[in-house]
**Q** 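Pasting a structure below so you can have a look.
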Amino acid sequence: MAEVILMPRLSDTMTEGVIAAWHKNVGDPVKKGDLLAEVETDKATMELESYKDGILLHIGTAKGGKLQVNDLLAIIGSAGEDISSLLNSSASPAPAAVPSAPVPAEAAPAAGTGSLDISKLEEVVLMPRLSDTMEAGVIAGWNKKIGDPVKKGDVLAEIETDKATMELESYKNGTLLYTGAQKGEKIAVNSLLCIIGEPGKVDVDAIVAAASSGMSLTAQPAPAPAAAPAPAAAAAPQTAVAPVSTAVNAPAAVSENGRLKASPLARKIAKEKGVDLRQLRGSGDGGRIIKADIDNYVPAPAAAQSSVASMPVFQASGEEGYTDIPNSQMRNVIARRLGESKFSAPHFYLTMEINMDNAMNARTQLNELSPVKISFNDMVVKAVSLALRQHPAINASWMGDKIRRYSHIHIGIAVAIEDGLIVPVVRFADQKTLPQIAAESKELAGKAKNKKLQPNEFTGNTFTISNLGMMDIDEFTAIINPPDSCIMAVGRIKETVVRKGEGFGVSHFMKVTLSCDHRSVDGASGAAFLQTFKKYLENPITMLL
């Protein structure tokens, strides 16, 4: 029997995916584990494998097409099988939090049994498939309790998958009436996760009974594809062009873009009467030429006009215009998440100058022995991770009703790519040597630039570093990367003349700025952390002990 494959949620912030490539064509045989397609998310391009054998009977969109999470991606079945019913059902809307994976046919309720199919109930939230290989999720924590009001967009729970811990948002308003598991318990994909509705109007017991009998495993139809955009919006980036006035030696007011200020009626009448608008002084707002100015206009004598035109007339060599560049998925997520961080987390900033003379000498000596070239950024990562050991208050997240301090140290390193930036994560950085950090950083940076990072490689950071020193930036402030409480902005190493003994000499200094979330980190804590960080970099041998 044919089964549908829906667009899975391949990252915690993914709402849609773009088909980067199909590796199978309609009519091709497919085996379990075969690579079906490459899907571009907001963070990476990921490979999607088939979980069953059969023939590829249908694809939801061609290469370059965009699908929302839970939209129909493909249908796999037997050769010649009728899939019209699946295509029709996939066109009906379904709740956004419905799981994206199809299920075995034997899990569906038998026809005529009268069993309650909870997958079609609006109040039911099933465990979604949050990664391409996820089979079950562990409840890392509930953000709502039974009886709490829930609004659309509220975070219901944190779910630990095989690759990352992700937040699950509610797609409807109501009251949380039931939860299918407690913190730390596991729930299979498509099993009953929770019930949201109006108290007294939902038969919770009946839904739970149906779920325990296996009805929760029934696959939901995919939501209807979003309405196609208007042809103009779907086109390539457009360039809007407006004519430019060639007049510059005129008494009339001119707008910022060089266009003469005149009402449409005034322009029409002036054209009919053959009046040169450049010779008029407008009486409207801001010097705008209006109809009355045309009616009252008396042409000046030819001699007077020639005296005004003594300056050569400027002739523009181009046209006014602009190009609209559609936002990539990554750019949209960057705008949303950093906007939320900047305006929800009260930032404060601490800047410190560090003498890098010893670090430069140590790096030269280390690179004579290291199998991998060690950069200054690698030394910063190591110094930060060791300083976090001594200052756990910095290695934390604000959780609303509590502060979460992490026992592990995962350092995120901001990497600029074509579409924006992404933050690969060096895990357990405090336990790794400088050559190990250098090798892993280079590998992650390469994957980031090729959009090949996997979710476990760009999630889980507890502290982030953003380095613009290689671009000759002296110092800057960075926006905190959620869920971290702090981010360090690193500037360039700069030669500075300083007093040395009885004379003067040159030393090398680097400025770093620590952005802190004041909800979870105090100024004294941030300053103490920077002092420890400075000691490590100014005495690099201490990082090797």
**Q** For the NZ atom on K452, are there more than 12 heavy atoms of other groups (residues, nucleotides or ligands in this structure) within a distance under 6.0 Å?
**A** yes
**Q** Please assess V423 against I413 for the test side chain to side chain contact (heavy atoms under 4.5 Å, CB included), listing each intermediate value before the final yes or no.
**A** CA-CA 5 Å; V423 183; I413 304 173; 5.7 Å; no
**Q** Under a 3.5 Å distance rule, please check whether N539 uses its side chain to pair with a backbone N or O of Y536 as donor and acceptor.
**A** no
**Q** Determine whether M510 and E353 make a side-chain contact, defined as any pair of heavy atoms from C-beta on separated by less than 4.5 Å.
**A** no
**Q** The test is side-chain hydrogen bond (donor to acceptor under 3.5 Å, both in side chains); show your working for S507 and D357 and say whether it passes.
**A** CA-CA 6 Å; S507 283; D357 288 343; 3.0 Å; yes
**Q** For D484 and N461: C-alpha separation, side-chain torsions, deciding distance, then whether side-chain hydrogen bond (donor to acceptor under 3.5 Å, both in side chains) applies.
**A** CA-CA 7 Å; D484 299 348; N461 46 286; 2.9 Å; yes
**Q** Would you compute the distance between atom CD of E475 and atom CE of M352 and round it to the nearest 0.5 angstrom?
**A** 13.0 Å
**Q** Are the side chains of K535 and F533 in touch, meaning some heavy atoms are under 4.5 Å apart?
**A** no
**Q** Examine the side chains of D34 and S50 and answer whether a donor and an acceptor come within less than 3.5 Å of each other.
**A** no
**Q** How far does CZ of F376 sit from CE of M470, to the nearest 0.5 angstrom?
**A** 11.5 Å
**Q** Is the backbone N or O of I480 less than 3.5 Å from a side-chain atom of H347, with the two atoms forming a donor-acceptor pair by type?
**A** yes
**Q** What distance separates E38 CD from E40 CD, expressed to the nearest 0.5 Å?
**A** 10.5 Å
**Q** Show your working on side-chain hydrogen bond (donor to acceptor under 3.5 Å, both in side chains) between T532 and H391 and close with a plain yes or no.
**A** CA-CA 9 Å; T532 303; H391 302 276; 2.7 Å; yes
**Q** Is any side-chain heavy atom of P424 less than 4.5 Å from a side-chain heavy atom of L453?
**A** yes
**Q** Does a sphere of radius 6.0 Å around CG in L544 hold more than 12 heavy atoms from other residues, nucleotides or ligands, not counting ones at 6.0 Å or beyond?
**A** yes
**Q** Over all heavy atoms of both residues, which pair between E502 and R499 is shortest? Give the atoms and the distance, please.
**A** O-NH2, 4.2 Å
**Q** Please determine whether side chain to side chain contact (heavy atoms under 4.5 Å, CB included) holds for the pair K373 and R363, giving the CA-CA distance in whole Å, both sets of side-chain angles, and the decisive distance to 0.1 Å.
**A** CA-CA 9 Å; K373 185 177 180 181; R363 176 175 176 262; 3.5 Å; yes
**Q** Under the 3.5 angstrom rule, does the side chain of N467 hit a backbone N or O of G469 as a donor-acceptor pair?
**A** yes
**Q** Could you label the plane-to-plane angle of the F428 and H410 rings as parallel, tilted or perpendicular, counting under 30° as parallel and over 60° as perpendicular?
**A** perpendicular
**Q** Evaluate the side-chain proximity of I403 to W398: yes if any heavy-atom separation is below 4.5 Å, no if none is.
**A** yes
**Q** Are R404 and E158 within salt-bridge range, i.e. N to O under 4.0 Å?
**A** yes
**Q** When you look at N361 and T364, which way does the side-chain hydrogen bond (donor to acceptor under 3.5 Å, both in side chains) test go after all the steps?
**A** CA-CA 5 Å; N361 293 332; T364 300; 5.6 Å; no
**Q** Atom NZ of residue position K500 - does it have more than 12 heavy atoms of other residues, nucleotides or ligands inside 6.0 Å?
**A** yes
**Q** Is any side-chain heavy atom of V498 closer than 4.5 Å to one of F504?
**A** no
**Q** Any side-chain heavy-atom pair from V380 and I465 closer than 4.5 angstrom?
**A** yes
**Q** What heavy-atom pair brings L514 and G526 nearest, and what distance separates the two atoms?
**A** CD2-O, 3.9 Å
**Q** Short question: side chain of N450, backbone of G446 - any donor-acceptor pair under 3.5 Å?
**A** yes
**Q** Please determine, by modelled atom types, if T351 and T513 share a side-chain donor-acceptor pair under 3.5 angstrom.
**A** yes
**Q** Going by an N to O cut-off under 4.0 Å, is there a salt bridge joining R492 and D474?
**A** yes
**Q** Please find the pair of heavy atoms, one from L350 and one from G523, that lie closest to each other, and give the distance.
**A** CD1-O, 3.8 Å
**Q** Quick one: pull up NZ in K183 and CD in E160 and give me the separation to the nearest 0.5 Å.
**A** 11.0 Å
**Q** Return yes if some donor-acceptor pair links the side-chain N/O of S515 with the main-chain N/O of A478 below 3.5 Å, else return no.
**A** yes
**Q** For V69 and P8, which heavy atoms make the closest approach, and how far apart are they?
**A** CG2-O, 4.2 Å
**Q** More than 12 foreign heavy atoms under 6.0 Å from NZ of K442: is that the case here?
**A** yes
**Q** Does N358 use its side chain to pair, donor to acceptor, with the backbone of E538 at less than 3.5 Å?
**A** yes
**Q** Where do M379 and M543 land on the side chain to side chain contact (heavy atoms under 4.5 Å, CB included) test, with the steps shown first?
**A** CA-CA 9 Å; M379 300 180 74; M543 293 192 287; 4.2 Å; yes
**Q** For the pair D71 (side chain) and Q68 (backbone), establish whether a donor and an acceptor sit closer than 3.5 Å, ignoring hydrogens and angles.
**A** yes
**Q** Using side chain to side chain contact (heavy atoms under 4.5 Å, CB included) as the criterion, point out the one residue from V384, V521, L530, T462 that pairs with I394.
**A** V521
**Q** Got R427 and H408 here, is their nearest side-chain heavy-atom distance under 4.5 Å?
**A** no
**Q** I'd like to know whether the aromatic ring centres of F529 and F463 sit less than 6.0 Å apart in this structure.
**A** yes
**Q** Which atom names give the shortest non-hydrogen contact between A345 and R519, and what distance separates them?
**A** CB-NH2, 3.6 Å
**Q** Grab the two heavy atoms, one from R405 and one from A396, that are nearest each other, plus how far apart they are.
**A** CG-CB, 4.0 Å
**Q** Taking atom types as modelled and ignoring hydrogens, do the side chains of N367 and S370 form a donor-acceptor contact shorter than 3.5 angstrom?
**A** no
**Q** Applying side chain to side chain contact (heavy atoms under 4.5 Å, CB included) between V381 and each of L386, L434, D430, I437, report the one that passes.
**A** I437
**Q** Can you tell me if K144 has over 12 outside heavy atoms packed within less than 6.0 Å of its NZ?
**A** yes
**Q** Between L73 and I5, does a side chain to side chain contact (heavy atoms under 4.5 Å, CB included) hold up when you go through it step by step?
**A** CA-CA 6 Å; L73 178 63; I5 296 178; 4.1 Å; yes
**Q** Tell me whether S344 contacts the main-chain N or O of E340 through its side chain, where contact means a donor paired with an acceptor under 3.5 Å.
**A** yes
**Q** Got a second to check how far L388's CG is from N395's CG, nearest 0.5 Å?
**A** 5.0 Å
**Q** Would you call E49 and L36 a side-chain contact if the rule is heavy atoms closer than 4.5 Å?
**A** no
**Q** Between OG1 of T175 and CG of D148, what distance do you get to the nearest 0.5 Å?
**A** 8.5 Å
